[in-house]
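Take a look at the structure below.
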Amino acid sequence: MKPFVTHTGVVAALDRANVDTDQIIPKQFLKRIERTGFGQFLFFDWRFRPDGSPEPEFELNRPEAAGASILLSRRNFGCGSSREHAPWALADYGFRVVIAPTFADIFYSNCFQNGMLPIRLDEQDVEELFRRTAQATASGGSPYTLRVDLNTCTVADSAGFSKPFEIDAFRRTCLLQGLDNIALTLDHVDSIAAWEAAHGLPPVAAQQP
Amino acid sequence: MPSTPRTLLEKIWDAHLVCAPEGEQPLIYIDRHLVHEVTSAQAFEGLRLAGRRVRRPEATFATPDHNIPTTDRRLPIADAISRQQIDTLRNNCREFGVRLFDLGDADQGIVHVIGPELGITQPGMTIVCGDSHTATHGALGALAFGIGTSEVEHVLATQTLRQSKPKSFEVRVEGSLHPGITAKDLVLYIIGQLSTEGGTGYVIEYTGPCIRSLGMEERMTVCNMSIEAGARAGMIAPDQITFDYLRGRDYAPRDFEAAVAAWKKLPSDPGARFDRTAIYQGGDVVPQVTWGTNPAQVVGVDATVPDPAAIADASERDSSNRALEYMGLTSGTRISDIALDRVFIGSCTNSRIEDLRAAAKVVQGYSIAPNIHAMVVPGSGRVKRQAELEGLDKVFTAAGFEWREAGCSMCLGMNPDTLSPGQRCASTSNRNFEGRQGKGGRTHLVSPAMAAAAAVAGHFTDIREWRYRS
Ligand code: SF4
């Protein structure tokens, strides 16, 4: 997995609560058997009109969101289906960070499996980021940019906004070092075998870590 | 010395803790792993690339359900990409030695219907599946939750999962339900009270006399929708109803009495502490109908479409306005005045035999309204055969319903069963998200009896006033 240490990128503001994974990647695109190639279908039903042309009103299609790699949204982001195709699609489209006040549990853990960082910030801080993004757009200057540092666990802009965020220590380490979770777990294969033996399960032949 | 009282969740958690190494998330052992075609291909591919095997193939059970046609099974699958996904599951199961309940198998069905039905799901177990409605299995007193595909791969390779201990949430329902009110109405009501993220970070244990009075399948309906309140798992302590349900099922323990003795120790101890508790009255629940685009946007059938202007929270108000626009509804409209185009009876929430019996009882002696296209999709091959044995299929088809083969079908519309843009559907499934049943489709979640009555009336109608002809 690609390590995540710091990331600087343009912010795309998706001002909606309860963005569910059915919106992030609609079911008609779940038939693929690869992990890649989902970016073209991200937010498909919102992004495209029935005739296939881009919907100009949709947030990600606006000029200020071009090249964005940090997605800003509202409460309960990623609710609904467990489909990991949702973070696959976001990552494939170019997002590495999602910022919201709260996330649904399964989506939240799925992000970490894919080198993406979901950041929870207070509702007021998220509100402030929406305000600053809108202000940058209105002023017609350069697009609003944030810098995320996983070493210090802060998210900051160049105009005085700087907030710490919380993250589970183990998940942080895995992300910083790009660790393979399965290999890590197989380091504990003796504990797993001991649990199985204690519960009367037949032994399993060793496999490589 | 008496030990500290523990909850059902804590007992299962403690019994499955493999290790909690310093600085790492704890590892818990997984007893049963259920697999379907949509969220597993990339996991098996990951194993193959790393040269890994499935650690416990005998603890892993697979079935295709999401992406399969519900029409005649003898015909080949028309959509080439769908066919490839099913073939991939088939090949993976063969290569890795996993038991597959394939399309032609008499026991094929929606993964959350066949798990309990075959006795694969048992009290006290940890159960995962790459599917958020895995919560269903908690109805039998298991800790069951949905995971992502990377975690599916992790479980396949190690039979464990990295998991921080969830917080516990007691949802206590006092009293009892009025006649005609179902488990579906109860859980929609609870979600409406809790909001779609009220349960986030928690495992819900449903307790109280109203819950205890529910049958096994009704309990599954309740636990199934826990995820719609944000909770990854819902559970109900096992009791005699659970044991009676499991006895004699294919995969039930051979020494059943010994198993029952162990299961009887699972219920939360008196005085066990929950991180949070909410209490509801069963008697407050009326037939529920969702009006919006998430399951918490729900009201009683006797109410009207609410007015977003009355909502204090800005982002909720915004959500409600968007929902009304998408749903093509105006606030103040009476729910019973909402006319429908489609009716779908099925999904892992409401496709079991008791659901079909309840719907058939309403339909008996009636025909569906001329404006309605309605279908019944049994949850499994077994449910379908049982229903046919009881003649329920005849009741449905005589009334004008389509009678289909088992699968997820129009719950998510990955197969050809979808709504067209603008079509309005009364559905017994669990999600009314935008486009869930087809792009532009409008979904209203209801109980099987309410869906059946709506099919006959052509619009929503209060099941409490239904004139049964059976
Ligand atoms: S019936 Fe619907 S909710 Fe249930 S597993 Fe299938 S798609 Fe998911």
Side-chain angles (χ1 to χ4, degrees), chain A residues 15-18 20-23 26-28 30-35 44-46 50 74-76 79-85 87-88 102-107 109-110 112-114 168-171 173 180-189 191-192 194-196 199 201 204-205 207-208, chain B residues 16 18-19 21 23-25 27 29 38-39 41-42 45-46 50-53 55-56 66-67 79 81-82 84-85 88 130-132 146-151 153-154 157-160 162 164 196-197 200-201 227 230 232 294 315-316 318-319 322 412-414 421 431 433-436 439-440:
Chain A
D15 195 353
R16 309 172 191 215
N18 298 314
D20 60 76
T21 54
D22 273 80
Q23 303 317 319
K27 72 289 186 125
Q28 61 267 37
L30 305 183
K31 297 176 184 178
R32 298 164 63 89
I33 53 171
E34 300 86 21
R35 281 176 203 254
F44 192 87
D45 291 352
W46 286 346
R74 299 280 183 186
R75 282 207 314 255
N76 202 25
C79 59
S81 155
S82 66
R83 58 187 73 161
E84 199 163 316
H85 311 68
W88 293 338
T102 54
F103 291 90
D105 289 335
I106 306 179
F107 176 83
S109 41
N110 281 343
F112 290 97
Q113 309 282 355
N114 294 282
D168 172 81
F170 176 64
R171 282 179 161 149
T173 311
D180 170 6
N181 261 309
I182 297 179
L184 274 179
T185 295
L186 289 175
D187 284 346
H188 303 298
V189 74
S191 305
I192 299 173
W195 191 97
E196 290 173 335
H199 291 78
L201 294 170
V204 171
Q207 69 170 328
Q208 85 237 32
Chain B
H16 289 82
V18 171
C19 58
E24 295 184 25
Q25 267 183 308
L27 271 185
Y29 200 81
V38 176
T39 55
Q42 294 88 349
E45 183 61 15
R52 290 174 176 135
R53 295 193 307 264
R55 183 172 177 88
R56 290 244 166 233
H66 282 62
N67 193 4
D79 177 357
I81 316 175
S82 295
Q84 186 195 24
Q85 202 169 49
T88 304
D131 193 284
S132 60
I147 56 178
T149 296
S150 298
E151 292 172 319
E153 185 181 338
H154 189 282
T158 70
Q159 205 56 42
T160 66
R162 295 263 177 199
S164 304
T196 52
E197 59 171 347
T200 305
I227 183 76
R232 271 182 91 169
N294 73 52
S315 75
E316 273 318 309
D318 194 48
S319 277
R322 284 184 58 87
L412 91 166
M414 257 188 94
R431 286 190 176 135
F433 297 154
E434 286 184 28
R436 171 76 179 183
K439 185 169 178 168

Chain B shares the most heavy-atom pairs under 4.5 Å, among A/Gly80, A/Ala194, A/Cys79, A/Pro87, with A/Gly80

In terms of heavy-atom contacts, B/Gln25 and B/Ser164 come closest through NE2-OG, 3.0 Å

Bottom line for A/Arg32: the part with an atom under 4.5 Å from chain B's heavy atoms is backbone

Okay, A/Asn110 and chain B: the region with an atom under 4.5 Å from a heavy atom over there is side chain

Minimal heavy-atom distance between A/Phe103 and B/Thr200, with the atoms involved, is O-CG2, 3.6 Å

*Report yes if the side chains of B/Ile147 and B/His154 come closer than 4.5 Å at any heavy-atom pair, otherwise no.*
no

Chain A shares the most heavy-atom pairs under 4.5 Å, among B/Arg162, B/Glu153, B/Glu151, B/Arg232, with B/Arg162

**Asked** Hey, is B/Asp79 close enough to A/Lys31 for a salt bridge, meaning N to O under 4.0 Å?
**Response** yes

Okay, B/Thr149 and chain A: the region with an atom under 4.5 Å from a heavy atom over there is both

Applying a strict 4.5 Å limit to non-hydrogen atoms, the region of A/Ser109 in contact with chain B is side chain

Scored by heavy-atom pairs under 4.5 Å with chain A, the best of B/Arg322, B/His16, B/Arg56 is B/Arg56

Under 4.5 Å to a heavy atom of chain A? For B/Glu45 that would be neither

Honestly, the part of A/Asn18 sitting under 4.5 Å from a heavy atom of chain B is side chain

* To do: Side-chain contact test, heavy atoms from C-beta onward, threshold under 4.5 Å: evaluate it for A/His188 versus B/Glu24 and give yes or no.
  => yes

Applying a strict 4.5 Å limit to non-hydrogen atoms, the region of B/Phe433 in contact with chain A is both

Whether the side chain of A/Gln23 engages the backbone of A/Trp46 through a donor-acceptor N/O pair (distance < 3.5 Å, no angle test) should be reported.
no

Most heavy-atom pairs under 4.5 Å with chain B, out of A/Asn181, A/Val189, A/Thr173, belong to A/Asn181

If one checks every heavy atom of B/Ile81 against chain A at 4.5 Å, the contacting part turns out to be both

Keeping the roles fixed (side chain from A/Lys27, backbone from B/Gly435), state whether a donor-acceptor pair exists under 3.5 Å. yes

Applying a strict 4.5 Å limit to non-hydrogen atoms, the region of A/Asp180 in contact with chain B is side chain

Hits for salt bridge (charged side-chain N to carboxylate O under 4.0 Å, His left out) against A/Asp22, two or more places apart or cross-chain, chain-then-number order -> A/Arg83, B/Arg436

Comparing B/Asp318, B/Ile227, B/Leu27 against chain A, the one with the most heavy-atom pairs below 4.5 Å turns out to be B/Leu27

(request) State, with a plain yes or no, whether a side-chain heavy atom of B/Thr196 is found less than 4.5 Å away from one of A/Asp20. (result) no

Whatever's closer than 4.5 Å to a heavy atom in chain A on B/Glu316 counts as side chain

Heaviest contributor of heavy-atom pairs below 4.5 Å to chain B, chosen from A/Arg171, A/Arg74, A/Arg75, A/His85, is A/Arg75

Bottom line for B/Leu412: the part with an atom under 4.5 Å from chain A's heavy atoms is both

Residue from B/Pro421, B/Ser132, B/Ala41 scoring the most non-hydrogen pairs under 4.5 Å with chain A is B/Ser132

Taking the side chain as every heavy atom from C-beta outward, state whether A/Glu84 and B/Gln42 have any atom pair closer than 4.5 Å.
no

Turns out that what part of A/Glu34 lies under 4.5 Å from chain B's heavy atoms comes down to backbone

Taking A/Leu30's backbone N and O only, do any of them form a donor-acceptor pair with B/Gln85's side chain (distance below 3.5 Å, no angle check)? yes

| said: Quick check: do B/Glu197 and B/Asn294 have side-chain heavy atoms less than 4.5 Å from each other? | reply: no

